[in-house]
Each structure stands twice: as structure tokens, then as C-alpha cells.
K.L.:
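Here you go, one structure.
Chain A is the first sequence line, chain B the second, and so forth, proteins listed ahead of strands; every chain is numbered from 1.
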Number of protein chains: 2
Amino acid sequence: MKPEFTLKSVEVSLTPQRRFEEYLQSRGMRNTQQRRYLLDAIYASHDHFDADMLIDQLPSKGEKGYVSRPTIYRSLIEFVDAGLLRRFELDGRAVYEHDYGYPQHDHLHCTRCDTLFEFQSEELFAIRNQVAQDQNFRVSGHRLIISGICERCNRAPRRQRRKQDLI
Amino acid sequence: MKPEFTLKSVEVSLTPQRRFEEYLQSRGMRNTQQRRYLLDAIYASHDHFDADMLIDQLPSKGEKGYVSRPTIYRSLIEFVDAGLLRRFELDGRAVYEHDYGYPQHDHLHCTRCDTLFEFQSEELFAIRNQVAQDQNFRVSGHRLIISGICERCNRAPRRQRRKQDLI
DNA sequence: ATCATTGCAAAAGATTTGCAAGGTC
DNA sequence: GACCTTGCAAATCTTTTGCAATGAT
């Protein structure tokens, strides 16, 4: 799924899979089938997703490629730690998106169709840094979510959530 | 508890309690003891709080002023709906703050002592509105949280979380 | 062979709900 | 008295954990 509009790209030297292998090696962790299945599923598209969407995307119990729920939760934590995914909270659940090789950005959240739209703003970073400096605060990151109704839902007031989000 | 630094104030014509009474009347809802106990507790300070902090602040079961957990959760939803409280998510739990008579603002979150610091920025609103306009997005609100380490924790690297947040 | 990892089952934490009893208008 | 609310208990939902079996190095 393509992003909703163009973002500046970022230089990347390794594939996410390769980078994760290095992360594993550096920590004495193991490159298991489950971790590979999960990375493949995650990088099969560019959508935002939560644990349940990832589970639905994977084969069912008994089939090849199945990964149990606890392992999925454990792996998501590892992927975030490895810098492959960013995590944030939306309506009380954890949502993930690609991080490695993907630029920092913020979101517009349509509360009607539940779609997340991305945007980048230099000015936002400038404000963030200025505010932090004023309070002698050492910034590690930020999260901005603008809520409202997207253009599509504005045009079609009674439309259901978008097909792509029902996966 | 005073805010961490000065915010522009907002004109208010009614006390929160009065405003909530009007809200109740307009909906055929009832002004119960529990709702009054909760509002009194909430307006006894100006801190950010979650459901558990509110429960801890109230009398225990059997004592006068006790309110059960389900009622607290139900009431918090009503207070948000009535415009008395704003709600947001932090580390997976719901956090509330005063809304009525209190200006819109955003937060710096110290991940060491877990304190929330408030700030206001006109420029942030301008950016928000511009981004939304560019995407034909109808804004209903936004939430920005800047994460990092606050000045106090920076000066005292090993300090525990602030006393005021242990309540 | 060692020791990290998995899947299962169960636990945990936060929040929500059905419902009978009680309180407010 | 009508009917909104409450408190209890139990359910839900998401995520986490203990542990024995399995798998990677």
C-alpha cells in the first residue's frame, strides 16, 4: 500500500531483514523461522497495523508460517528495539509502522474510517525543539496525531470504513 | 497543584459543577451523590490523573464518599462528553486533565519521572491547520506529546519519580 | 550440547457490561 | 412511581508471563 502522499525518503544500506540479523547476532539472539515469517509479513505492505492485523495476515494454527500470539507480541517488541518498527497508541491499542528506512513523520487520523494519513513538517520539529529548549527538556521523540474527518469521508458522509482497513 | 508554567487562561461563566448539572438536565440524567463526589475530587487539584489515582483519592468501600470502580469509569466518560475533562492515552492507560475553563495545550512527558509538563504554541496550531487544509481534512483536535527527560531529572540522574506522582 | 525461543495455558491489567437493588426526579 | 444509576460480579480485550518442549548455533 502506497503512503497517502509523498514523504522524503531516507538512505538505507541494508534490508530490514539483514539489519535484524545483525541486531540478533549482536545480542546472541537467534534467527528463527518465526521471526523471519513475521518480518516477511510486515514488509509485504507498508500499512500501519496492530497485533491482530498481523495475526490475521499470517497462516492459521497448524499451517506452515503460523506464529503464536505470545511470540508475535514478543517479536514486535524486538522489532521496535531493533529500530525496524515504530510503535504508538491509538484508542488504547498498540499500532506499528515501518521505521527503518522510512522518514520520521506524524499522522492525521480519520475518526470515521479509522485511516491514518502521514505528513512531514520541518516547522513542527522546530517548534518541538524550541519548546523543549525553553524548558531545558532533553527530547527523545514526539508523537502528534491530528484527529478529524478525511476528505473522502467528508465527501461521502455515510460511507463505511475503507476496505483496505478491514484486513 | 499549579501548572508547571503559566498558560493563557480562558473565560468561564459557570463552575464545572454547575456546567455539569446543565449537561445532566439537558439529557435527562440525574445529579447523583457519586457524580458530585467525583467532581469534587477531580477539582480538588489540577493534576493529570488516571482512574486508579482517582480511586485512591476517594474514600474506601464502606466509607462516606466511596464510589465503585465501574461508576468511576462510567462517570469519566460522561465528564469528557460534558466537556469538563480531556482524555488521552499514555503508555496504554487513559489519562485525564481539566478541560472546562482550561486552555488547550500540549505536553512534554518525562519518561524518567513520568511527569507531564504543559505548553501552548500558536505556531503548532497554525501548522496543524495548514497540514489539514492541504489534505482537505476537517480537524476536530490534536494531541502532541514530546517525550524526553525533564530538567530536574537531567540534573539528578538517579532520582526516583517525583513524590507528587506517587499519590 | 547448550541455551535461546516457542507455544500453551494461564495470568494480568485496564476497562466494560448485565442485572438486580437502590436512588433521584 | 417511573426510570436512571449504582455496585456487584463477571466478561472483555489486549498484552504478558511461567514453564516444559523444541530448535538454533
Side-chain angles (χ1 to χ4, degrees), chain A residues 17 20-41 48-82 85 87-96 114, chain B residues 17 20-41 48-82 85 87-96 114:
Chain A
Q17 285 82 353
F20 191 56
E21 284 172 34
E22 298 202 339
Y23 169 87
L24 293 175
Q25 290 195 351
S26 72
R27 308 224 174 182
M29 296 166 69
R30 292 172 185 179
N31 190 359
T32 63
Q33 287 204 349
Q34 286 86 341
R35 285 169 177 156
R36 288 192 298 270
Y37 290 146
L38 289 173
L39 276 191
D40 288 346
H48 302 88
F49 64 94
D50 60 21
D52 271 317
M53 293 164 73
L54 188 51
I55 287 167
D56 291 345
Q57 191 182 336
L58 290 164
S60 305
K61 194 183 302 193
E63 300 174 40
K64 175 183 160 67
Y66 167 76
V67 181
S68 72
R69 192 175 277 276
T71 296
I72 288 176
Y73 279 104
R74 284 185 283 235
S75 300
L76 286 172
I77 293 168
E78 294 161 5
F79 297 153
V80 170
D81 196 55
L85 295 180
R87 171 198 168 122
F88 56 101
E89 317 257 351
L90 197 60
D91 298 331
R93 73 193 198 285
V95 177
Y96 298 85
D114 210 34
Chain B
Q17 285 82 352
F20 191 56
E21 284 172 34
E22 298 203 338
Y23 169 87
L24 293 174
Q25 291 194 352
S26 72
R27 308 222 173 184
M29 296 165 69
R30 290 170 187 181
N31 190 358
T32 62
Q33 288 204 348
Q34 285 86 341
R35 285 169 178 156
R36 287 192 298 269
Y37 289 146
L38 289 173
L39 275 191
D40 287 347
H48 302 89
F49 65 93
D50 60 22
D52 271 318
M53 293 165 73
L54 188 51
I55 287 168
D56 291 345
Q57 191 180 337
L58 290 164
S60 305
K61 194 182 304 193
E63 299 173 41
K64 175 181 160 69
Y66 168 76
V67 181
S68 72
R69 191 174 277 276
T71 295
I72 288 176
Y73 279 104
R74 283 185 283 235
S75 300
L76 286 172
I77 293 169
E78 294 161 4
F79 297 154
V80 170
D81 196 54
L85 295 180
R87 171 198 169 121
F88 56 102
E89 317 258 351
L90 199 59
D91 298 331
R93 72 194 200 284
V95 177
Y96 298 85
D114 209 34

K.L.:
Atom CZ of A:Arg93 and atom C1' of D:dT12: how far apart are they, to the nearest Å?
P.N.:
16 Å
K.L.:
Do B:Phe49 and B:Leu76 make a side-chain contact, defined as non-hydrogen atoms from C-beta onward lying under 4.5 Å apart?
P.N.:
yes
K.L.:
Expressed as a whole number of angstroms, how long is the span from A:Tyr96:OH to D:dT14:P?
P.N.:
13 Å
K.L.:
Could I get a table of every N or O pair under 3.5 Å where one atom is in the protein and the other is in nucleotides 23-25 of chain D?
P.N.:
residue : atom : partner : partner atom : Å
D:dG23  : N2   : A:Arg30 : NH1          : 2.4
D:dA24  : N3   : A:Arg30 : NH1          : 3.1

K.L.:
I'd like to check B:Arg36 versus B:Phe20 (side-chain heavy atoms, cut-off strictly below 4.5 Å). Are they in contact?
P.N.:
no
K.L.:
Pick the closest DNA chain D nucleotide for B:Leu24 and for B:Pro70 by heavy atoms, then say which residue is nearer the 5' end.
P.N.:
B:Leu24
K.L.:
From CD1 of A:Ile72 over to C1' of D:dT14, roughly how many Å is that when rounded to an integer?
P.N.:
13 Å
K.L.:
Taking 4.0 Å as the cut-off, does a side-chain nitrogen or oxygen of B:Thr71 come that near to OP1 or OP2 on D:dG7?
P.N.:
yes
K.L.:
Just how far is it from atom CZ of B:Phe88 to atom NE2 of B:His48, taken to the nearest 0.5 Å?
P.N.:
5.0 Å
K.L.:
Just the rounded figure in Å: distance from C1' of D:dT15 to CE of A:Met53.
P.N.:
18 Å
K.L.:
Short question: side chain of A:Arg35, backbone of A:Arg30 - any donor-acceptor pair under 3.5 Å?
P.N.:
yes
K.L.:
For A:Ile77 and D:dT17, what is the distance between atoms CD1 and C1' respectively, to the nearest whole Å?
P.N.:
11 Å
K.L.:
How long is the gap from CG on A:Leu38 to OG1 on A:Thr71, to the nearest 0.5 Å?
P.N.:
8.0 Å
K.L.:
Hey, is B:Arg69 close enough to B:Asp52 for a salt bridge, meaning N to O under 4.0 Å?
P.N.:
yes
K.L.:
At under 4.0 Å between heavy atoms, what does B:Gly28 touch on the DNA or RNA strands: base, sugar-phosphate, or nothing?
P.N.:
sugar-phosphate
K.L.:
Can you tell me how far P of D:dT5 sits from CG of B:Leu38, to the nearest Å?
P.N.:
14 Å
K.L.:
Kindly compute the distance separating CD1 (A:Ile55) from CD (A:Gln57), expressed to the nearest 0.5 Å.
P.N.:
11.0 Å
K.L.:
Should A:Asp50 and A:Met53 count as side-chain neighbours, where that means a heavy-atom distance under 4.5 Å?
P.N.:
yes
K.L.:
Measure the distance from OH on B:Tyr23 to P on D:dC4 and round it to the nearest whole Å.
P.N.:
14 Å
K.L.:
For chain B and DNA chain C, what are the first and last nucleotides along the strand, 5' to 3', with at least one atom under 4.0 angstrom from a heavy atom of the protein chain?
P.N.:
C:dA14 to C:dC25
K.L.:
Is any side-chain N or O of B:Arg35 closer than 4.0 Å to OP1 or OP2 of D:dT5?
P.N.:
yes
K.L.:
When you compare the side chain of B:Met29 with that of B:Tyr23, does any pair of heavy atoms fall below 4.5 Å?
P.N.:
yes
K.L.:
Let me know the distance between CG of B:Asp91 and P of D:dT14, rounded to the nearest Å.
P.N.:
19 Å
K.L.:
Would you mind classifying the nucleic acid contact of A:Asp52 as base, sugar-phosphate or nothing, using non-hydrogen atoms under 4.0 angstrom?
P.N.:
sugar-phosphate
